[in-house]
There are 2 protein chains.
Amino acid sequence: MSDIRVTVDVVIFTIQESRLGVLLVRRGIPPFEGAWAIPGGFVLPEEGLEQAARRELEEETGVREVYLEQLYSFGNPGRDPRGRVVTVAYYALISPERKIQAGSDAAEARWWPMDGLPELAFDHAEILRYAHERLRNKLEYTTVGFQLLPESFTLTELQQVYQAILGRPLDKRNFRRKIDLLGILTPLKEQRRQGPSRPARLYRFSAARFERLRDKGILFPF
Amino acid sequence: MSDIRVTVDVVIFTIQESRLGVLLVRRGIPPFEGAWAIPGGFVLPEEGLEQAARRELEEETGVREVYLEQLYSFGNPGRDPRGRVVTVAYYALISPERKIQAGSDAAEARWWPMDGLPELAFDHAEILRYAHERLRNKLEYTTVGFQLLPESFTLTELQQVYQAILGRPLDKRNFRRKIDLLGILTPLKEQRRQGPSRPARLYRFSAARFERLRDKGILFPF
DNA sequence: ACAAAAGTGTTCGATATACACCCATGT
DNA sequence: ACATGGGTGTATATCGAACACTTTTGT
């Protein structure tokens, strides 16, 4: 009755050089040969949608256990010239430390900054816009932002993540007060030295405190 | 490669007797024979997802041009015992005035209150929970609530819609101040008399003012 | 007169915003 | 000594929450 093929596409975000980046693969064959695309592939007969997305993610980056969330499904007839394809789009957040060599498989793959994207295949520009918007919104009422940082980080780095996603500067004092009020950071003994300036204190995300908040319905990140 | 069938399911909300209601159809055949289900059907080869959802909606209720939004896609293998089916779920809001006879086609269909649902087929209980949650959230930062009311309505009726969706009472004065502050209601000359009490002023949703707000990025309902 | 729903303001706490200087370190 | 990023507090505006009485009508 409906011979529609189902794929998952996974928008994989990271932070690089204080900017929001996304992993894209270069298409080697038509259609859109030479254009860049969001990594993805067909859903296998026996796997769930999220499972398929995690598989694609791991094939592409080698990482597991990352933040992954379903974004939206795109299915206009004509979005793929080869036939009817409905794609269930997901987005994932991976921290720079885990950002292994992109493109474990043969295809060319690289990180692109969201504010300087190349020509994109299919309706992938739309999917990226949508993913970015979702991420921006989620940032304001969840703790997804922490997913883009390594285990220990400085407050400045955290602020840079927020700024990279929101695309605007934030006030340092207000930002720190807000984070402090959330009460989900544990200060570490170590500091980070990086050149000729005062060392910055390191923190880590406190899952324990976070759980308490989530149980009160304040947050909803995983 | 992937012989997955794709359906759309449409959670159709309305307000009845000041409660949130949903349209369900009774299954006449196995599996889940006799259980109630969210209306839906296969996506046709040449139609888009939203288009398919609107078609199902119209087939089921006869109405067009209603608020319709994609909810989430469900695709666990095993969610349908007959085979692999991925469903793209939507939800729609229709006002009581437009609430024509449910079930234009042969199948038995009726409105159920969200706080007293029958046994549901497939994973439809999960889909309904999800839809209700989305609606609750959207209510707080958009104007979707107005979609559930006829063109003219009283402030008390509007408040009842909010209460029905949120599942808790709201303070009348705070509620009215908030609505007033939005500046999207136009008072009408008419009043509504209904028994032995003071008549209530009627209002209508002011699209013009609403547009201005939306352009400022305050609201995002259509 | 009374029952029933409509209508109307103020106070308080919490939260968001705007804003500028000193501190610790490497060179 | 100076250049670099780290760290800190206060004042104001805005928003949400709590709370009770008067008004208008039908019977």
Side-chain angles (χ1 to χ4, degrees), chain A residues 15 17-19 136-137 139-143 145 149 152-164 166-204 213 216-219, chain B residues 15 17-18 136-137 139-143 145 149 152-204 213 216-219:
Chain A
I15 295 288
E17 295 156 25
S18 306
R19 290 158 86 198
R136 244 184 277 122
N137 292 334
L139 199 63
E140 307 200 338
Y141 62 97
T142 69
T143 58
L149 285 169
S152 72
F153 50 85
T154 67
L155 293 178
T156 299
E157 287 165 346
L158 180 60
Q159 184 176 344
Q160 284 168 345
V161 168
Y162 274 70
Q163 292 177 156
L166 296 175
R168 60 185 161 91
L170 299 173
D171 180 85
K172 182 161 53 161
R173 285 166 294 183
N174 293 338
F175 179 77
R176 287 174 183 225
R177 183 176 31 253
K178 188 147 91 175
I179 296 297
D180 184 49
L181 231 51
L182 282 176
I184 49 174
L185 289 193
T186 303
L188 303 178
K189 293 221 176 59
E190 303 89 49
Q191 298 189 322
R192 170 169 302 161
R193 285 171 207 77
Q194 46 170 359
S197 81
R198 177 173 176 173
R201 157 142 281 118
L202 288 170
Y203 294 82
R204 63 177 171 75
L213 290 174
K216 289 190 215 158
I218 303 179
L219 306 161
Chain B
I15 295 288
E17 295 156 26
S18 305
R136 246 185 274 122
N137 292 334
L139 199 62
E140 306 200 338
Y141 62 98
T142 68
T143 58
L149 285 169
S152 72
F153 50 85
T154 68
L155 293 177
T156 298
E157 287 165 346
L158 180 60
Q159 183 176 345
Q160 284 168 344
V161 168
Y162 274 70
Q163 292 177 157
I165 295 171
L166 296 175
R168 61 187 160 90
L170 299 173
D171 180 85
K172 183 162 52 160
R173 285 167 292 184
N174 292 339
F175 180 77
R176 288 174 182 224
R177 183 178 29 257
K178 188 147 90 176
I179 296 295
D180 184 49
L181 231 52
L182 282 175
I184 49 173
L185 290 192
T186 304
L188 304 178
K189 294 222 174 59
E190 304 88 50
Q191 300 188 322
R192 171 169 302 162
R193 286 170 207 78
Q194 45 171 0
S197 79
R198 178 172 175 172
R201 157 141 282 117
L202 288 169
Y203 294 82
R204 64 177 171 75
L213 290 175
K216 290 190 215 158
I218 302 178
L219 306 161

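Letters go in sequence order (proteins before strands), and every chain restarts at 1.
- Side-chain atoms of R198(B) and base atoms of dT23(D) include a donor and an acceptor less than 3.5 Å apart.
- Within the nucleic acid shown, R177(A) comes within 4.0 Å of at least one base atom, counting heavy atoms only.
- Between R193(B) atom CZ and dT27(D) atom P the separation is 12 Å, expressed in whole Å.
- In this structure, the side chains of F175(B) and L158(B) come closer than 4.5 Å at one or more pairs of heavy atoms.
- With dC19(D), dG7(C), dA16(C) as the candidates, the nucleotide lying closest to the side chain of R201(B) is dG7(C).
- None of L181(B), L182(B), D180(B) except one satisfies the side-chain contact (heavy atoms from CB on, under 4.5 Å) rule with I184(B); the exception is L182(B).
- Counting heavy atoms from C-beta outward, R176(A) and T156(A) have side chains that approach closer than 4.5 Å.
- For DNA chain C, the neighbouring residues in residues 166-173 of chain B, judged by any heavy atom under 4.0 Å, are K172(B), R173(B).
- Taking atom CG of N174(B) as the reference point, atom P of dT11(C) lies 15 Å away to the nearest angstrom.
- Side chain of Q159(B) to backbone of L170(B): a donor-acceptor contact under 3.5 angstrom is found.
- For the pair L166(B)/E140(B), a side-chain contact is recorded, criterion being any heavy-atom separation below 4.5 Å from C-beta on.
- R176(A) has a side-chain polar atom (N or O) that falls below the 4.0 Å cut-off from OP1 or OP2 of dG7(D).
- The CD atom of Q191(A) sits 12 Å away from the P atom of dG6(D) (whole-angstrom rounding).
- At a threshold of 4.5 Å between non-hydrogen side-chain atoms, the residues Y203(A) and L149(A) do not count as touching.
- For T156(B) and dA6(C), the shortest distance from a side-chain N or O to OP1 or OP2 is below 4.0 Å.
- Atom P of nucleotide dG16(D) and atom CD of E140(B) are separated by 10 Å, given to the nearest angstrom.
- Using modelled atom types, no side-chain atom of R19(A) and backbone atom of A164(A) make a donor-acceptor pair closer than 3.5 Å.
- For P196(A), the side-chain atoms get nearest to dT4(D) when compared with the rest of dT4(D), dA16(C), dG7(D).
- The separation between Y162(B) atom OH and dA17(D) atom P is 14 Å, rounded to whole Å.
- As a whole-Å value, the separation of L182(A) CG from dA14(C) C1' is 14 Å.
- The CZ-C1' distance, from R192(A) to dT4(D), rounds to 16 Å in whole Å.
- In this structure, L181(B) atom CG and dG9(C) atom C1' are separated by 14 Å, rounded to whole Å.
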